[in-house]
Asker: 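One structure coming up, written as structure tokens, with questions to follow.
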2 protein chains.
Amino acid sequence: MASREYGQYCGITRALELVGERWALLIVRDLLVGPRRYGELQHGLPRIPSNILASRLKELQEAGIVRRIPRVRQIVYELTPYGRELEDVVIALGRFGFKALGDPREEQVVTADSLTMTFRTAFQPDVASGLPPTSYAALVGPAALHVSVAGSRLQVARLDEAPVDLRFEAGPDIRRLISGETSAEEAIADAAVRILDGPPELLHRFARTFHLAA
Amino acid sequence: MASREYGQYCGITRALELVGERWALLIVRDLLVGPRRYGELQHGLPRIPSNILASRLKELQEAGIVRRIPRVRQIVYELTPYGRELEDVVIALGRFGFKALGDPREEQVVTADSLTMTFRTAFQPDVASGLPPTSYAALVGPAALHVSVAGSRLQVARLDEAPVDLRFEAGPDIRRLISGETSAEEAIADAAVRILDGPPELLHRFARTFHLAA
DNA sequence: CCGCATCCCATGTGATACTG
DNA sequence: CAGTATCACATGGGATGCGG
């Protein structure tokens, strides 16, 4: 156990001892969206072996990052306040990794929680605060999200029946819209994004609200 | 090789594929301070096996994060512009891990580069910009640094012979000064920090300039 | 079912030694 | 100094089992 330590008295080192193991920060990423059950985490991390998920959850609890909450007939895991402080780390990683994303490969999936965190990463509060409140229904592969922007505040939730200003469907190549490589108009023309409901011009507002440098 | 991938189309996931391996971000941490030779990296990471250092450097090059520069009679590694973008990640990790640092253990060392990045993490530009330019000589264990603050700008370098406003020596418990658990006055009284030269009151300014929440 | 625990094998890691 | 080579061992991955 001590062999996994780096032997340095340094905050960065300590952080990596706590969350540097494989899969750990991806579990945190999903828990940043909300409390999750064991099986929900498995679904959000399709390739994680179940023994690894179990041990990571145990380690994250010992580190004070995750709390295990037994409820009637189900158990949920949620971040502690300290665990929620990892949001900065996850966002910074997301910004960095986005630039190296490239084109989606066949075996790569998009999950609801990863897309939610991508929206949070790409969100431009300063731009949004100058725009009227807008709600979107985003259908990206298997993920169906309700994205609502009001002032500089962003809320992303599972899609429900509530009405939205713009409903659209897209593949992983929505990345090019967020990076600005493709304009909203081009994305619609290429059918990279398909407008299902609402005025297509709103897609341009969406692209301004969510942007990450490539 | 593909087995190390997470199978998700997501920036956070991609970032972890690039720099999530053990030791990788610690190598980046040291290279954020400046270009380093192979042997210098070994010294800054006392417990890294040499084969691991070699393969990490190779992987970081393939990822476009590190550049290998052969010079006359020596080879240096430096971050690419893309690699330098990891500073946000490293700083965020440092902030997070600092809170879990606890007291230094016997086998834990403080290196010059890790301390340099700790200063960068703890630096409060807004506070500093309201204070007169100040230079410090900080001797923490084997690390001897020249820290100079001017306006909202911080520069940390290896200690040289140039005069400084305050010269002090401390152990790893300098952490308590940075976290605010100990005031500058207490730190001097406890001999946690020993003033070698200059007006002791400047240590209070130092503590205001460098602060991280505990 | 859901929430894990166990088993087994492939791979990655760590310590040491060695080489151009 | 800047790495390779080697080998023991720990960890991760995948399948499977099992109790509540």
Side-chain angles (χ1 to χ4, degrees), chain A residues 1-8 13 16-28 30-31 34-63 66-78 107-109, chain B residues 1-8 13 16-28 30-31 34-63 66-78 107-109:
Chain A
M1 194 56 93
S3 65
R4 299 168 63 148
E5 298 183 5
Y6 289 104
Q8 301 193 4
T13 306
L16 291 173
E17 288 167 355
L18 296 179
V19 296
E21 302 296 312
R22 206 164 151 72
W23 295 104
L25 277 175
L26 293 182
I27 295 171
V28 170
D30 285 7
L31 291 179
R36 290 289 178 265
R37 308 228 309 274
Y38 189 92
E40 291 176 317
L41 290 170
Q42 275 190 313
H43 273 103
L45 276 3
R47 309 236 304 222
I48 194 173
S50 104
N51 56 344
I52 299 294
L53 177 55
S55 32
R56 288 297 170 274
L57 284 172
K58 211 168 292 176
E59 293 159 14
L60 289 171
Q61 286 171 68
E62 283 162 13
V66 163
R67 206 168 10 222
R68 181 184 192 269
I69 300 177
R71 295 201 187 143
V72 277
R73 294 199 58 73
Q74 71 175 29
I75 292 162
V76 295
Y77 296 91
E78 66 171 28
E107 79 277 12
Q108 293 184 315
V109 300
Chain B
M1 194 57 93
S3 64
R4 299 168 64 150
E5 297 184 5
Y6 289 104
Q8 301 194 3
T13 306
L16 291 173
E17 288 168 356
L18 296 178
V19 296
E21 302 296 310
R22 204 165 152 72
W23 293 105
L25 277 175
L26 293 182
I27 295 170
V28 170
D30 285 8
L31 290 179
R36 292 287 180 266
R37 306 225 308 274
Y38 189 92
E40 292 176 316
L41 289 169
Q42 276 189 313
H43 272 102
L45 277 2
R47 309 235 305 222
I48 195 174
S50 123
N51 55 347
I52 299 293
L53 177 56
S55 31
R56 289 296 171 272
L57 284 171
K58 212 168 292 175
E59 293 159 13
L60 290 171
Q61 285 171 70
E62 283 161 14
V66 163
R67 206 168 10 222
R68 180 184 192 271
I69 300 177
R71 295 203 187 139
V72 278
R73 294 201 57 72
Q74 71 174 30
I75 291 162
V76 295
Y77 295 91
E78 67 172 27
E107 78 278 12
Q108 292 184 315
V109 300

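Every chain is numbered from 1 and lettered A, B, ... according to where its sequence line falls, protein lines coming before strand lines. All figures in this text were calculated on a predicted structure; none of them were measured in a lab.
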Asker: Using a 3.5 Å distance criterion without hydrogens, assess whether the side chain of Gln8(A) forms a donor-acceptor pair with backbone atoms of Arg47(B).
Answerer: no
Asker: Expressed as a whole number of angstroms, how long is the span from Glu40(A):CD to dG3(C):P?
Answerer: 8 Å
Asker: Using whole Å, report how far CG of Leu45(A) lies from C1' of dG13(D).
Answerer: 14 Å
Asker: Considering only heavy atoms from C-beta outward, does the side chain of Leu41(B) approach that of Leu57(B) to under 4.5 Å?
Answerer: yes
Asker: Nearest heavy atom decides the nucleotide; on that basis, is Lys58(A) or Arg73(A) closer to the 5' end of DNA chain C?
Answerer: Arg73(A)
Asker: Among the nucleotides dG12(D), dT4(D), dG12(C), which one has an atom lying closest to any side-chain atom of Ala54(B)?
Answerer: dT4(D)
Asker: For residues 67-76 of chain B, pull every pair meeting salt bridge (charged side-chain N to carboxylate O under 4.0 Å, His left out), keeping only residues two or more places apart or in separate chains.
Answerer: Arg67(B)-Glu78(B)
Asker: Rounding to a whole Å, what distance do you find between Arg56(A):CZ and dT11(D):P?
Answerer: 10 Å
Asker: Sequence neighbours excluded, which residues qualify as side chain to side chain contact (heavy atoms under 4.5 Å, CB included) partners of Ala54(B)?
Answerer: Tyr38(B)
Asker: Under the side chain to side chain donor-acceptor pair (under 3.5 Å) test, which residues partner Gln42(A), sequence neighbours left out?
Answerer: none
Asker: Give the nucleotide from the list dG12(C), dC4(C), dG13(D) with an atom nearest to the side chain of Ile52(A).
Answerer: dG13(D)
Asker: Any chance you could encode DNA chain C as dot-bracket? Rule is Watson-Crick or G-U wobble with both distances under 3.5 Å; [ ] for pairs crossing earlier ones, | for another strand.
Answerer: |||||||||||||||||||.
Asker: So Glu21(B), base contact, sugar-phosphate only, or nothing? Heavy-atom distance under 4.0 Å.
Answerer: sugar-phosphate
Asker: Separation of Leu57(B) atom CG from dT4(D) atom C1', in whole Å?
Answerer: 14 Å
Asker: Take atom CD of Gln61(A) and atom P of dG3(C), then tell me their distance rounded to the nearest Å.
Answerer: 13 Å
Asker: When you check the phosphate oxygens OP1 and OP2 of dT13(C), does a side-chain N or O of Trp23(B) lie under 4.0 Å from one of them?
Answerer: no
Asker: Within the side chain of Glu17(B), is there an N or O that forms a donor-acceptor pair under 3.5 Å with the backbone of Tyr6(B)?
Answerer: yes
Asker: Would you say dT4(D) has OP1 or OP2 under 4.0 Å from some side-chain N or O of Tyr38(B)?
Answerer: no
Asker: Can you tell me the distance, in whole Å, between the CZ atom of Arg37(B) and the P atom of dG3(D)?
Answerer: 11 Å
Asker: Can you tell me how far CG of Asp30(A) sits from CD1 of Ile48(A), rounded to the nearest 0.5 angstrom?
Answerer: 9.5 Å
Asker: How many whole angstroms separate atom CZ of Arg4(B) from atom C1' of dG12(C)?
Answerer: 7 Å
Asker: Looking at Val19(A) and Leu25(A), what are the two nearest heavy atoms and their distance?
Answerer: O-CG, 3.6 Å
Asker: Going by side chain to side chain contact (heavy atoms under 4.5 Å, CB included), name the residues that satisfy it together with Glu59(B), two or more places apart in sequence or in a different chain.
Answerer: Arg4(B), Glu21(B), Ser55(B), Arg56(B)
Asker: Go through dA2(D), dG12(D), dG14(C) for me and flag the one nearest to the Arg22(A) side chain.
Answerer: dG12(D)
Asker: Output the rounded distance in Å from CD1 (Ile48(B)) to P (dA2(D)).
Answerer: 15 Å
Asker: Go along nucleotides 15-20 of chain D 5' to 3' and tag each nucleotide: B for a protein heavy atom under 4.0 Å from its base, S when only backbone or sugar atoms are that close, - otherwise.
Answerer: ------
Asker: Side chains of Ile69(B) and Pro35(B): closer than 4.5 Å at any heavy-atom pair?
Answerer: no
Asker: Among dG12(C), dG3(D), dT11(D), find the nucleotide with the atom closest to the side chain of Arg68(B).
Answerer: dG3(D)
